[in-house]
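Chain letters run A, B, ... following the sequence lines, proteins first and then strands; every chain starts at 1.
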Amino acid sequence: MKAGRFWAWVVFALGAAYFFIPLIATVEFSMRMRRGVYSLDAYKVVLGDARFQATFGYSVLAAIFTIILGVLIVVPAAYWIRLRLPQLRPIVEFITLLPLVIPAIVIVFGYIRMYGSNSPLPFLATDTGTNALLVIGYATLALPYMYRAVDTGLRTIDVRTLTEAAQILGAGWGTIVTRVILPNVLIAVLSGAFLTFAIVIGEFTMASLLNRPAFGPYLQNIGANRAYEPAALAIIAFAITWGCMSLIQVLSRFAPKSANRPN
Amino acid sequence: MTDLPFSDQAVAGKTAPPAEARSLRLPTQWLGVAPFFIFAIMFLILPTLYLMLGAFQNDAGEFTFNNIVGIFDPPNLANYMQCQYDSWMSWVDGNCKLPSILAAYWISIKISLASSLIGAFAGLAIAIAIVRGGLPDWIRSATLTFSGVASNFAGVPLAFAFLATLGRLGLATVILNTVFGLNIYAHGFNILSFWGLTLTYVYFQIPLMVVIIVPAIDGLKKEWGEAAATLGATMSQYWRMVVIPVIWPSFLGTVILLFANAFGAIATAYALTGSSLNIIPIVLYAQIRGDVLHNAHLGYAIAFGMIVITGLANVFYIWFRTRSERWLK
């Protein structure tokens, strides 16, 4: 067992080196903007850039709409499948895994061809429509994560008893979903939401092909034209992802641990 | 379409007695899942089918195989085969050129395969180390948290990080050069090459593997190891007959997922290499942006080819999985 522990440490150390060296290198590079001394100039330039603020704001807004759309689609479906239509579970699970298999670039290519200005549903004819299509595309990309998060959350509560109790007390379906089920799976929904946020913020392909002024295309543009700012932006992006994941960790501590089902 | 279908039911439910509610049951059965299915059909399934059909149509909408044939570029493919044959006969490397779209598919497949296999084995090793290696508990939770972050740290920022590390002026490049006297660029390494891109992709492949495979390794019960030891199994027998068969399906499934993950990725490669390394998503991207192939339906065929490759990978996975499940019984 001693030899085993030695090798475990070796593997862990090698892994840690592979993952930390690029991060250290990026931090180091991002501070090299002023000749000869380390400074935070690159961060100042980036954060002061009006286009940074505009594109970042745009992506945050897109992420919020994506989360709302995702919740509206996924929560009722996941709830209903647990309650009434368990036979649909394999089909729905299969569909939610599709975005992991069909590349995002193919999905957005399909949108561009199907929803162009002279199609029956001309999403791309207006700016608002294109923004909506981008949010829809993001919701598609987030579908696997959102569905799994919500489904895991539903597993820990007794959906049937809660629903019956609410019905006996005279609640309608809208009330049941919004005031009984949603609060119970709120933490699961929130972890899905933060994951969605992390995915949407830096997304490049869809925003770029739909010509939206989002953060991803801005990052790419800066990367092609500047030297030190990209490294600073990479650190900022990493910090955002880190923040989202930490929030998920914190939330999961509050989540109900065990399933209290009748059998 | 963002409207909750429950709203009418909520109004109806408040006033309606149970008997009437029962008559409403048939539509309500489907109302809850309707938004999901409408969304999935409109924005996931139909657009994909549209491209797949378009791959078999010409501009006039007539059925044709020309687009698919166009991918293979028969005259150039014939030249390539002839060149390969000649260089094989004369033992000289003829430096044969595959038709450009096929070459892009091929390098994409190689990068995806290499990064998913390296990522899978490295991720498995790390997962086994933190679950079974007798390391302190905090290492396990720290690694899992970090993996959650790093598996989502793909795209443009990741490319920046690797340029800062292994670019010509990157920290690792400079340190290797000044401290160890090893100039990796003089030895043919380039961040804008096959290995450069593979090494970058591995950064999000390993953590994804760790996140998915740790639960499977957790599922290996301690009792099985003890039972195997009681029956006189050696360590290698225990691994060969217990551990590998149990984690094999999840391992293989994750490799396929990692493959698809790398195969469709474009942002990292695009930010890293611009368009100097022709992987297939970049070819398709250029085609969508500017119709560079001067044939819109060839773009459909390229997209179709990408779906076929990730789809085939999944068919293999399902086939392997059913086989291994049969063994497990």
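Contact of the W80(A) side chain with the F36(B) side chain is not registered, since no non-hydrogen atoms from C-beta on lie closer than 4.5 Å. Between F39(B) and L69(A), some side-chain heavy-atom pair lies under the 4.5 Å cut-off. Within the 4.5 Å cutoff, no side-chain heavy atoms of T26(A) are placed close to those of L163(B). Using a 4.5 Å heavy-atom threshold, the side chains of I21(A) and L171(B) count as separate. Looking at P47(B) and I107(A), their side chains never come closer than 4.5 Å, going by heavy atoms from C-beta outward. Inter-residue side-chain proximity for I105(A) and Y285(B) is flagged as met; some heavy-atom pair is nearer than 4.5 Å. Within the 4.5 Å cutoff, the side chain of V106(A) has heavy atoms near those of the L284(B) side chain. For the pair M114(A)/L51(B), no side-chain contact is recorded, criterion being any heavy-atom separation below 4.5 Å from C-beta on.
Annotation: maximal heavy-atom pairing with chain A below 4.5 Å, among L272(B), I307(B), L144(B), L199(B), occurs at L199(B). Counting heavy-atom pairs under 4.5 Å between each of L46(B), I139(B), I130(B), L257(B) and chain A puts I139(B) at the top. Looking only at heavy-atom pairs under 4.5 Å with chain B, the residue among V75(A), L133(A), T96(A), T140(A) that has the most is T140(A). Comparing I266(B), V174(B), T310(B) by how many heavy-atom pairs each has under 4.5 Å with chain A, the most go to T310(B). Contact tally against chain A (heavy-atom pairs below 4.5 Å) for F37(B), F146(B), F304(B): the top residue is F146(B). Per-residue heavy-atom pair counts under 4.5 Å with chain A were compared for L49(B), N314(B), T165(B), and the maximum is reached by T165(B). Most heavy-atom pairs under 4.5 Å with chain B: of the set G15(A), S246(A), A25(A), C244(A), this distinction falls to A25(A).
R289(B) and S208(A) get closest at one heavy-atom pair: NH1-OG, 3.3 Å. When all heavy atoms of P103(A) and G264(B) are compared, the closest pair comes out as CB-CA, 3.7 Å. In plain terms, the two heavy atoms of P157(B) and A234(A) that are nearest each other are O-CB, 3.5 Å. Between I95(A) and A40(B), the shortest heavy-atom distance links the atoms CG2-CB, 3.6 Å. Closest approach of G216(A) to V156(B), counting heavy atoms only: O-CG2, 4.2 Å. The minimum heavy-atom distance linking F162(B) with P22(A) is given by the pair CZ-CG, 4.1 Å.
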> Do L88(A) and V33(B) pass the side-chain contact (heavy atoms from CB on, under 4.5 Å) test, and can you show the C-alpha distance, the side-chain angles, and the key distance before you say yes or no?
Replying inline: CA-CA 9 Å; L88(A) 284 183; V33(B) 288; 4.2 Å; yes
>> Run the side-chain contact (heavy atoms from CB on, under 4.5 Å) test on W9(A) and L135(B) for me, step by step, so that the C-alpha distance in whole Å, both residues' side-chain angles and the decisive distance to 0.1 Å come before the verdict.
In response: CA-CA 7 Å; W9(A) 277 111; L135(B) 299 180; 3.4 Å; yes
> Can you list the steps and then say if N152(B) with L195(A) is a side-chain contact (heavy atoms from CB on, under 4.5 Å)?
Replying inline: CA-CA 8 Å; N152(B) 285 296; L195(A) 200 53; 3.5 Å; yes
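For R179(A), the CZ atom is loosely surrounded, since the number of other residues' heavy atoms within 6.0 Å does not exceed 12.
Centroid-to-centroid, the aromatic rings of Y18(A) and Y203(B) come within less than 6.0 Å. Aromatic rings of Y50(B) and Y115(A) (six-membered ring for Trp) have centroids beyond the 6.0 Å cut-off, not under it.
Neither the backbone nor the side chain of I235(A) comes within contact range of chain B, judged by heavy atoms closer than 4.5 Å. Both the backbone and the side chain of L100(A) have a heavy atom closer than 4.5 Å to some heavy atom of chain B. Of the atoms belonging to L14(A), not a single heavy atom falls under 4.5 Å from chain B. V202(B) touches chain A through backbone and side chain together, each having a heavy atom under 4.5 Å away. Both the backbone and the side chain of A125(B) come within contact range of chain A, with heavy atoms under 4.5 Å apart. Neither the backbone nor the side chain of N221(A) comes within less than 4.5 Å of any heavy atom of chain B. When heavy atoms are compared at a cutoff of 4.5 Å, I91(A) approaches chain B solely by way of its side chain, counted from C-beta outward. At a 4.5 Å heavy-atom cutoff, F215(A) makes no contact with chain B through either its backbone or its side chain. With a 4.5 Å cut-off on non-hydrogen atoms, V27(A) does not touch chain B at all. For S141(B), no part lies under 4.5 angstrom from a heavy atom of chain A.
The CE atom of M42(B) sits 7.0 Å away from atom CD1 of I136(A), with the distance rounded to the nearest 0.5 Å. Taking CD of Q220(A) as the reference point, atom CZ of F160(B) lies at 7.5 Å (rounded to 0.5 Å). Between H297(B) atom NE2 and R113(A) atom CZ the span is 7.5 Å, to the nearest 0.5 Å. In this structure, CG in L98(A) is found 6.5 Å from CD1 in I45(B), a value given to the nearest 0.5 Å. The distance from atom CE of M245(A) to atom OG of S147(B), rounded to the nearest 0.5 Å, is 11.5 Å.
Ring orientation note: the planes of Y300(B) and F109(A) are nearly perpendicular, at an angle over 60° on the 30°/60° scale. Using cut-offs of 30° and 60° for the angle between ring planes, the F238(A) and F153(B) rings count as perpendicular.
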